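Presented below is the structure to which this report refers.
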Amino acid sequence: MAIGARDFIDRLLVEKYAQEQVDNHTDDGLKSRIEADDIMSALNQYSNNYRSYLDVASKLNITCYSVNAKNAKYTQYETISA
C-alpha cells in the first residue's frame, strides 16, 4: 500500500500542507498550569459551603414548619354517627 497522492486533488492538498507543522506534545505542554492542591482546596471549600447550605435549609424548614403549626387554628367538628 503506497502512501501519497492518488489524484489531482490529493496532490494539491499534499503540496499545500507539505510545509505545515503541528504542535507536538512536549513535557512543558503536558504539565498542568493549575496545582492539584489548589483544585482540591477549591473543591473542599465548595463542598463545605454546600454542606452549610443544606444544614441551614434543613433548620429553616423545621422552623417554618413549627411556626405554621403553632399559628394554625384547629376547629373541632362534631362527628355524626350513622
Side-chain angles (χ1 to χ4, degrees):
M1 181 168 139
I3 297 175
R6 295 185 181 157
D7 58 8
F8 181 71
I9 294 175
D10 286 342
R11 249 184 271 126
L12 289 176
L13 289 171
V14 167
E15 288 175 11
K16 181 176 180 178
Y17 292 108
Q19 300 301 320
E20 294 292 323
Q21 295 180 359
V22 296
D23 293 332
N24 290 328
H25 294 292
T26 60
D27 289 339
D28 291 337
L30 296 176
K31 290 181 184 173
S32 177
R33 295 180 183 171
I34 301 172
E35 294 294 325
D37 291 337
D38 293 340
I39 294 172
M40 290 301 293
S41 175
L43 289 173
N44 189 30
Q45 184 177 2
Y46 177 78
S47 65
N48 286 337
N49 287 342
Y50 191 69
R51 188 177 298 152
S52 297
Y53 161 75
L54 290 176
D55 187 38
V56 169
S58 174
K59 289 179 182 177
L60 184 62
N61 189 16
I62 292 169
T63 302
C64 290
Y65 180 77
S66 64
V67 166
N68 288 333
K70 286 180 182 177
N71 289 330
K73 295 183 179 179
Y74 300 102
T75 57
Q76 187 173 9
Y77 291 104
E78 288 185 33
T79 55
I80 301 173
S81 58

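Position 1 is the first residue of the sequence; numbering continues from there. What you see below is based on every heavy atom in this structure, not just the backbone, and it leaves out hydrogens, waters and symmetry mates. Please read all numbers here as calculations on a predicted model, not as lab measurements.
Under the 3.5 Å distance criterion, the side-chain polar atoms of S58 are left unmatched by any main-chain donor or acceptor of L54. Checked by atom type and distance alone, the side chain of S41 never pairs as donor or acceptor with a backbone atom of D37 at under 3.5 Å.
Ion pairing between a basic and an acidic side chain is recognised when a charged N comes within 4.0 Å of a carboxylate O; D55 and R51 show no such pairing.
Partners of Y53 according to the ring-ring contact (aromatic ring centres under 6.0 Å, His included) rule, which considers only residues two or more places apart in sequence or in another chain, are Y50.
The line from CG of N49 to CG of N44 is 9.5 Å long, rounded to the nearest 0.5 Å. Rounding to the nearest 0.5 Å places OG1 of T63 at 11.0 Å from CG of N68.
Under a cut-off of 6.0 angstrom, the local environment of CD1 in I34 is sparse, with at most 12 non-hydrogen atoms contributed by other residues, nucleotides or ligands.
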